[in-house]
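In what follows, a single structure is set out as structure tokens and then discussed.
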There are 2 protein chains.
Amino acid sequence: MKTDCHNCPLRKLDLFDPMSKDEVHFMSKFKTGEFVAQPGTEILAEGASSSQLYTALDGMGLRFKTLENGSRQVVGFILPGDFIGLQSGVMGEMQHSVEATTRMTMCVFNRSELWDLFKYQPRRAFDLTHVAATEEYLLGEALAAVGQMDGYAKISWVLNRFFRRLTALGLNENDQVPLPYRQQDIADAMGLSLVHTNKTLAKLREDGVATWANDTLTVHRPKMLAENAFERGTRLRTRPLI
Amino acid sequence: MKTDCHNCPLRKLDLFDPMSKDEVHFMSKFKTGEFVAQPGTEILAEGASSSQLYTALDGMGLRFKTLENGSRQVVGFILPGDFIGLQSGVMGEMQHSVEATTRMTMCVFNRSELWDLFKYQPRRAFDLTHVAATEEYLLGEALAAVGQMDGYAKISWVLNRFFRRLTALGLNENDQVPLPYRQQDIADAMGLSLVHTNKTLAKLREDGVATWANDTLTVHRPKMLAENAFERGTRLRTRPLI
DNA sequence: CGGCGCCTTGAAAAGAATCAAGTCTCGTGG
DNA sequence: CCACGAGACTTGATTCTTTTCAAGGCGCCG
């Protein structure tokens with residue numbers, strides 16, 4: 001195991017709630033190892049029951065559902081610190097698939113030990129519920145964007161969200177953040193066609209708002225981007241790290 | 001308090017997981033009273049931190065977010081058995097508003113006692129997390145429908161969902177279920193305009209699939225409705241009742 | 001009886017999907 | 001070293017779904 005929980009690089013970020021010594025100790029016992037997924041690998045499959053749960057430590061991925069009619073809905077983007085497998089852990093099986101976009105490193109936990117967490121670490125159990133509620137919140141925001149905004153606002157919304165999340169993770173350098181996804185991924189997330197997504201990105205570029213090229217997103221006018229996305233003045237919301 | 005947890009009418013349904021004697025006892029202490037909301041009343045407001053949490057006992061309501069541009073996204077429909085206020089309980093404030101559509105009766109819990117649940121009832125805490133994960137699952141399904149389906153499929157999807165949920169609650173009589181919402185609510189849930197929603201409902205009626213009138217949904221061809229909605233052969237999924 | 005809320009319907013306008021090429025980059029193999 | 005091909009990105013033209021606009025109808029309550 002390369003990364004010991006005691007010097008977890010993620011926990012140091014302001015984005016995540018601090019953890020007590022005891023909690024860190026519990027987590028380091030709870031963590032059974034590390035797992036590296038290569039780009040394009042499926043980490044969890046929709047409908048599958050996994051005996052492992054993960055926390056993304058490094059790299060990026062995405063969550064998606066495949067419909068009967070063949071289309072794909074991206075239900076979330078996985079960035080470092082995100083917990084993977086909650087549904088499998090508490091409901092028995094995943095309701096969406098998870099795939100690695102870049103090379104990903106993940107902390108591995110045994111599902112069978114999840115019960116210990118509830119039994120002996122109520123504080124951590126509460127945090128896990130917090131994580132679940134946060135997921136629900138994020139999905140609600142996404143639903144509102146997909147359901148109510150037009151194309152220009154949708155793309156602004158998703159880029160703004162990436163910009164803010166990645167900035168909180170300390171990955172912002174001169175208003176540039178890494179964004180290794182494909183346009184098709186963003187299209188499938190926002191319920192737009194690839195062509196329309198592409199044209200909308202071009203418009204945002206022409207408008208001098210943001211440029212996304214070479215796996216890098218550059219935001220020239222952060223305020224304008226946030227306005228386009230109807231962002232409310234939301235302060236940084238800290239959350240627990242599992 | 002009118003309804004004692006010991007003879008809770010909801011718990012008897014197959015839809016909900018059984019509860020141990022001890023758990024029922026804990027819940028009846030956890031429940032501090034009952035609350036009746038009149039139609040149109042706001043039960044919880046987005047951004048507000050409530051000191052009370054609820055479980056819908058009777059009646060129907062809806063969850064929604066209001067965007068800066070004035071539009072409204074319905075993020076969920078509340079039916080008997082649904083837990084209300086999870087986000088407020090664990091994250092400190094609600095991320096969407098909750099409103100009563102019909103007259104609603106709710107079990108009331110004190111947020112301050114939620115911690116006891118985690119500390120002394122790990123099994124119930126697990127169930128609460130299960131509820132949170134279920135919410136996430138339902139939102140994911142809705143996101144896929146709103147993002148990937150066309151109007152006809154979206155309306156089929158939401159009607160089919162109501163039909164199945166209400167049937168599981170024992171409210172199906174001769175393929176008729178109560179549906180006291182307005183067309184605007186369904187439109188705001190599926191990201192369609194009121195006009196288009198209305199025309200699509202007319203089409204489903206003409207096609208002999210389903211008729212929705214007088215707060216009652218009649219499904220003439222359940223199989224066809226399910227097919228239109230791209231429903232996968234999902235068996236009834238039981239869930240915990242809080 | 002009047003007004004308000006909700007449902008219904010037709011016509012016009014707009015936004016987004018689809019169709020159809022064409023370009024660029026990068027890794028592979030001749 | 002260069003031709004080749006796959007995958008991703010661009011762009012224009014056309015089609016069609018969905019929205020917007022506009023108006024009328026129905027039922028219920030004061």
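Chain letters run A, B, ... following the sequence lines, proteins first, then strands; residues in each count from 1. Quantities reported herein were computed from a predicted structural model and do not represent experimental measurements.
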Task: Stretch residues 192-211 of chain A: residues that reach within less than 4.0 Å of DNA chain D through a heavy atom - done: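 Result for residues 192-211 of chain A: Val195(A), Asn198(A), Lys199(A), Arg205(A), sorted by number.
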Task: Sub-4.0 Å heavy-atom contacts from residues 178-186 of chain A onto DNA chain D, ordered by number - done: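 Output list: Arg182(A), Gln183(A).
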Under 3.5 Å, which donor-acceptor pairs do the side chains of residues 203-215 of chain B form with other protein atoms, sequence neighbours left out?
{"residue": "Asp207(B)", "atom": "OD2", "partner": "Tyr152(B)", "partner atom": "OH", "Å": "2.5"}
{"residue": "Thr211(B)", "atom": "OG1", "partner": "His220(B)", "partner atom": "NE2", "Å": "2.6"}
{"residue": "Trp212(B)", "atom": "NE1", "partner": "Leu179(B)", "partner atom": "O", "Å": "3.1"}

Task: Non-neighbouring partners of Tyr181(B) that pass ring-ring contact (aromatic ring centres under 6.0 Å, His included), sequence neighbours left out - done: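 Testing Tyr181(B) for ring-ring contact (aromatic ring centres under 6.0 Å, His included), a comparison that skips the adjacent residues, returns Phe77(B), Phe162(B).
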Open item on the list: Run the ring-ring contact (aromatic ring centres under 6.0 Å, His included) test against Tyr54(B) and tell me which residues pass, sequence neighbours left out.
Closed with: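 So Tyr54(B) forms a ring-ring contact (aromatic ring centres under 6.0 Å, His included) with Phe35(B).
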List, one per line, each side-chain donor-acceptor pair under 3.5 Å for residues 183-191 of chain B, sequence neighbours excluded.
{"residue": "Gln183(B)", "atom": "OE1", "partner": "Asn198(B)", "partner atom": "ND2", "Å": "3.0"}
{"residue": "Gln184(B)", "atom": "NE2", "partner": "Asp188(B)", "partner atom": "OD1", "Å": "3.1"}
{"residue": "Asp185(B)", "atom": "OD1", "partner": "Arg72(B)", "partner atom": "NH2", "Å": "2.7"}
{"residue": "Asp185(B)", "atom": "OD1", "partner": "Arg182(B)", "partner atom": "NH2", "Å": "3.3"}
{"residue": "Asp185(B)", "atom": "OD2", "partner": "Arg182(B)", "partner atom": "N", "Å": "3.0"}
{"residue": "Asp188(B)", "atom": "OD2", "partner": "Arg72(B)", "partner atom": "NE", "Å": "2.7"}
{"residue": "Asp188(B)", "atom": "OD2", "partner": "Arg72(B)", "partner atom": "NH2", "Å": "3.0"}

Task: Sidechain-backbone polar pair: Ser71(B) side chain, Leu67(B) backbone, donor-acceptor under 3.5 Å - done: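 Side chain of Ser71(B) to backbone of Leu67(B): no pair is present.
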Using the 3.5 Å cut-off, write out each protein N or O paired with an N or O of nucleotides 22-26 of chain C and the distance between them.
none

Task: Heavy-atom contact window of chain A on DNA chain D, given 5' to 3' at under 4.0 Å - done: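 Taking any atom under 4.0 Å from a heavy atom of chain A, the span is dA8(D) to dA13(D).
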Task: Pairs involving residues 45-56 of chain B, ordered by first then second residue, that meet salt bridge (Lys or Arg N to Asp or Glu O under 4.0 Å) (sequence neighbours left out) - done: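 The answer is Arg232(A)-Glu46(B), Glu46(B)-Lys65(B).
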Open item on the list: Contact list please: residues 147-158 of chain B against DNA chain C, heavy atoms, distance less than 4.0 Å, in numerical order.
Closed with: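 None, since no heavy atom is under 4.0 Å.
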- [ ] Name all residues meeting the side chain to side chain donor-acceptor pair (under 3.5 Å) criterion together with Arg221(B); count only those two or more places apart in sequence or in a different chain, and write none if there are none.
- [x]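 In terms of side chain to side chain donor-acceptor pair (under 3.5 Å), with neighbours along the sequence ignored, Arg221(B) is linked to no residue.
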Open item on the list: Could you work out, with side-chain contact (heavy atoms from CB on, under 4.5 Å) as the rule, every residue matching Glu135(A), not counting sequence neighbours?
Closed with: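 Residues passing side-chain contact (heavy atoms from CB on, under 4.5 Å) with Glu135(A): Arg63(A), Glu136(B).
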